[in-house]
Amino acid sequence: MDPCKFRPSSAYDTPFWTTNGGAPVSNNNSVLTVGPRGPILLEDYHALEKLANFTRERIPERVVHARGMSAKGFFEVTQDVTHLTCADFLRAPGVQTPVTVRFSTVIHERGSPETLRDPRGFATKFYTREGNFDIVGNNFPVFFIRDGIKFPDVVHAFKPNPKSHIQEYWRIFDFLSHHPESLSTFAWFFDDVGIPQDYRHMEGFGVHTYTLINKAGKVTYVKWHWKPTCGVKSLMDDEAKRIGGANHSHATQDLYDSIAAGNFPEWKLCIQTMDPADEDKFDFDPLDMTKIWPEDMFPLQEIGRLVLNRNIDNWFAENEMLAFDPGLVVPGIYYSNDKLFQLRLFAYADTQRHRLGPNYKMLPVNAPKCPHHNNHYDGAMNFMHRDEEVDYFQSRYSPCSHAEKVPVPSAIISGGRREKCVIPKECNFKQPGERYRSWAPDRQERFLCRLANALSEPRISQEIRGIWVSWWAQCDQTLGQKLASRLNVRPNI
């Protein structure tokens, strides 16, 4: 066997300790010294290597979604969708594709409690026969802002104060007082679903509008929805405080223990579809991620199921180094002109290159399961053994060629002016008001209390309170009046 091509199945195949270079270690308990009590010798290579590795065990945590847990399983198609897409993993009912899913909280640090009021991440990596496909979504179907250039700002506003390192609502409401489109997400954030009971009882949404393309080249807009078969359950505020005080990793433990016991979590994958020819027919922009597509107009269609039946083997290798990228699509699925989606296509891969290195997609948890080939040579931590002499394209000495052409959206991009502007159809108040009015009175009261308590933070000015009261009054007049009364302010209209 060529030792240069040998790849052990495990880093720990030997029954005894070795150095990273494979040399046997006869004593892993004592450092090499001059005499039993003398000074340490620098020639103790194993001791220095052991400590050097230890001091480098941690990698930069994610800027967002730092706190999370992963599990493995499969996705199975249950309905024929070949009229919508030529994606191979959706080619027929019964087809199964291996997946890794990561659940997370968005804002707080890696060791923070899982009971905090915070959006949750729901990210799914499909290891398809045509490459990896990532749906990088949340447990809310909408987001606080609609333009990707504001993403660093909204994250900074929600993160702890850089002076005190304490999360403060005055910063959140100050920033978003310039963004009325955030009302849609606040109608979820301060609702009962703001703190999921655990990851198994949580919905997931792709949030963005994607594009499906079938073999004939027909294009359809699509929204992804994960629906837990065990139902949606949430924690009330007092429950969250009690559970979080007893176990700050309660959702991670629930997921791990449930899978270990054979109680496999399952979700239905549902889609909403829209003909792009109809996108200008509504009072909202369908590509605006601060808006939902009303289900009475765009009904949910079940197309598959997701089952998580295996726990990860190593938290660091399969959770911390697991890297998602919304730019990873497969033939038959494409992006849309959603402004935030477009910038995420760059930002997510770029942050993983910073966090894990330029070759992070070589890591087993991120690598495609299908054959793959390119000329992305060298760089830090590139462990791929390659013996080609041709590292360029095209070449008459290499058999590698282009793949078969796949359909992509071919709509003509209108020749507009180069400009930075807000989309024409903002429609910021209608959907939050409709959501509020759909709740029972007790649920409305809980929402109002959470909102009023957050806006009561002492550093929030009367001007900012007045702006928010005015906005909520435009969503629902009664809600605005009640909020104004609780806060003792007059709306700024």
Side-chain angles (χ1 to χ4, degrees), residues 62 64-65 68-78 81 85 87-90 95-106 119-141 143 196 198-210 212 222-230 232 251-252 255 258-259 264-272 289 300 302-312 318-330 332-335 341 344-345 348-349 352 361 363-370:
R62 292 167 169 88
V64 288
H65 300 276
M69 184 58 174
S70 305
K72 298 180 283 190
F74 65 88
F75 171 76
E76 181 180 16
V77 181
T78 56
V81 289
T85 178
D88 176 75
F89 80 102
L90 297 173
V95 171
Q96 292 189 356
T97 300
V99 301
T100 297
V101 175
R102 187 174 188 269
F103 305 98
S104 58
T105 60
V106 172
R120 265 63 174 173
F122 192 126
T124 309
K125 186 180 293 290
F126 300 79
Y127 301 98
T128 87
R129 301 193 307 180
E130 295 181 308
N132 291 353
F133 170 47
D134 288 0
I135 299 179
V136 190
N138 288 335
N139 69 319
F140 301 158
F143 195 60
D198 49 59
Y199 296 133
R200 292 184 299 123
H201 294 87
M202 187 178 83
E203 289 182 291
F205 302 90
V207 187
H208 296 294
T209 300
Y210 285 71
L212 299 179
V222 66
K223 292 263 196 182
W224 311 100
H225 300 253
W226 296 109
K227 300 293 183 182
T229 58
C230 58
V232 176
T252 290
L255 180 67
S258 295
I259 295 174
F264 302 141
E266 183 172 337
W267 287 260
K268 295 178 180 178
L269 177 59
C270 300
I271 60 173
Q272 290 176 292
M289 67 178 302
L300 294 178
E302 180 186 340
I303 68 166
R305 68 187 188 112
L306 168 69
V307 179
L308 299 180
N309 58 7
R310 288 186 296 146
N311 279 312
I312 55 177
E318 296 181 290
N319 182 72
E320 279 302 280
M321 296 204 296
L322 175 60
F324 290 91
D325 178 3
L328 294 179
V329 295
V330 293
I333 300 175
Y334 205 70
Y335 322 117
F341 196 179
R344 287 180 83 196
L345 301 181
Y348 274 62
Q352 303 299 359
K361 286 179 183 169
L363 296 169
V365 72
N366 299 322
K369 309 301 183 187
C370 62

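The structure displayed is predicted, hence computed values, not measured ones.
- Between Phe103 and Tyr199, the two ring planes are parallel [angle under 30°; tilted spans 30° to 60°].
- The two atoms that bring Leu255 and Pro265 nearest to each other are CD1-CG, 4.0 Å, heavy atoms only.
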Task: Verdict with reasoning, Asn319 to Arg102, per side-chain hydrogen bond (donor to acceptor under 3.5 Å, both in side chains) - done: CA-CA 7 Å; Asn319 182 72; Arg102 187 174 188 269; 3.2 Å; yes
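- The shortest side-chain heavy-atom distance between His208 and Val136 does not fall under the 4.5 Å cut-off.
- For the pair Tyr335 (side chain) and Gly327 (backbone), a donor-acceptor distance under 3.5 Å is present.
- The line from CZ of Arg120 to CZ of Phe140 is 8.0 Å long, rounded to the nearest 0.5 Å.
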- [ ] Please lay out, stage by stage, how Leu90 and Phe133 fare under the test side-chain contact (heavy atoms from CB on, under 4.5 Å).
- [x] CA-CA 12 Å; Leu90 297 173; Phe133 170 47; over 6 Å; no
TODO: Give the C-alpha distance, both sets of side-chain angles, the deciding distance and a yes or no for salt bridge (Lys or Arg N to Asp or Glu O under 4.0 Å) between Glu318 and Lys72.
DONE: CA-CA 9 Å; Glu318 296 181 290; Lys72 298 180 283 190; 2.9 Å; yes
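- In this structure, Arg344 satisfies the cation-pi test against Tyr348, with its NZ or CZ atom closer than 6.0 Å to the six-membered ring centre and inside 45 degrees of the ring normal.
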- [ ] Starting from the C-alpha separation in whole Å, work towards a yes-or-no answer on salt bridge (Lys or Arg N to Asp or Glu O under 4.0 Å) for Glu320 and Arg62.
- [x] CA-CA 9 Å; Glu320 279 302 280; Arg62 292 167 169 88; 3.7 Å; yes
Open item on the list: Assess the residue pair Thr100 and Tyr127 against the criterion (side-chain hydrogen bond (donor to acceptor under 3.5 Å, both in side chains)); give the C-alpha distance rounded to whole Å, side-chain angles, the decisive distance to 0.1 Å, and a yes or no.
Closed with: CA-CA 8 Å; Thr100 297; Tyr127 301 98; 3.2 Å; yes
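- Panel note: side chain Thr128, backbone Glu130; a donor-acceptor pair is recorded below 3.5 Å.
- In terms of heavy atoms, Arg305 sits closest to Thr78 at N-CG2, 4.2 Å.
- Under the 4.5 Å side-chain criterion, counting only non-hydrogen atoms from C-beta, Ser70 is not in contact with Val101.
- Atom CD in Glu203 sits 9.5 Å away from atom SG in Cys270 (nearest 0.5 Å).
- For the pair Trp224 and Phe205, the minimum side-chain heavy-atom distance is 4.5 Å or more.
- Asn309 and Gly73 make their closest contact through OD1-CA, 3.4 Å (heavy atoms, listed as atom of the first residue, atom of the second, distance).
- Considering every non-hydrogen atom in both Val330 and Gly131, the closest pair reads CG1-O, 3.5 Å.
- Partners of Lys223 by side-chain hydrogen bond (donor to acceptor under 3.5 Å, both in side chains), not counting sequence neighbours: none found.
- The backbone N or O of Leu308 sits nowhere less than 3.5 Å from a side-chain atom of Trp267 that would complete a donor-acceptor pair.
- In this pair, Phe126 and Phe89 present their aromatic rings tilted. The plane angle is within the 30 to 60° band.
- Taking CZ of Phe264 as the reference point, atom SG of Cys230 lies at 14.0 Å (rounded to 0.5 Å).
- For the side-chain contact (heavy atoms from CB on, under 4.5 Å) criterion with Lys227, the lone passing option out of Leu306, Val232, Leu300 is Leu300.
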Open item on the list: Run the side-chain contact (heavy atoms from CB on, under 4.5 Å) test on Ile333 and Leu212 for me, step by step, so that the C-alpha distance in whole Å, both residues' side-chain angles and the decisive distance to 0.1 Å come before the verdict.
Closed with: CA-CA 5 Å; Ile333 300 175; Leu212 299 179; 4.0 Å; yes
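- The two atoms that bring Val207 and Asn138 nearest to each other are CG2-N, 4.0 Å, heavy atoms only.
- Under a 4.0 Å N-O distance rule, the pair Arg200/Glu266 does not qualify as a salt bridge.
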Open item on the list: As a quick check of understanding, evaluate side-chain contact (heavy atoms from CB on, under 4.5 Å) for Lys361 and Leu328, giving each step before the final call.
Closed with: CA-CA 11 Å; Lys361 286 179 183 169; Leu328 294 179; 3.8 Å; yes
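- The main-chain N or O of Ile259 is never found under 3.5 Å from a side-chain atom of Asn311 such that the two would form a donor-acceptor pair.
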Task: Audit row: Lys268, Thr229, side-chain contact (heavy atoms from CB on, under 4.5 Å) steps and yes/no - done: CA-CA 7 Å; Lys268 295 178 180 178; Thr229 58; 4.1 Å; yes
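- Rounded to the nearest 0.5 angstrom, Leu269 CG and Trp226 CH2 are separated by 4.5 Å.
- Taking CG of Asp325 as the start and CG of Asp134 as the end, the distance is 6.5 Å to the nearest 0.5 Å.
- Distance CZ/Phe324 to NZ/Lys125: 5.5 Å, rounded to 0.5 Å.
- Checked by atom type and distance alone, the side chain of Asn366 pairs as donor or acceptor with a backbone atom of Ala323 at under 3.5 Å.
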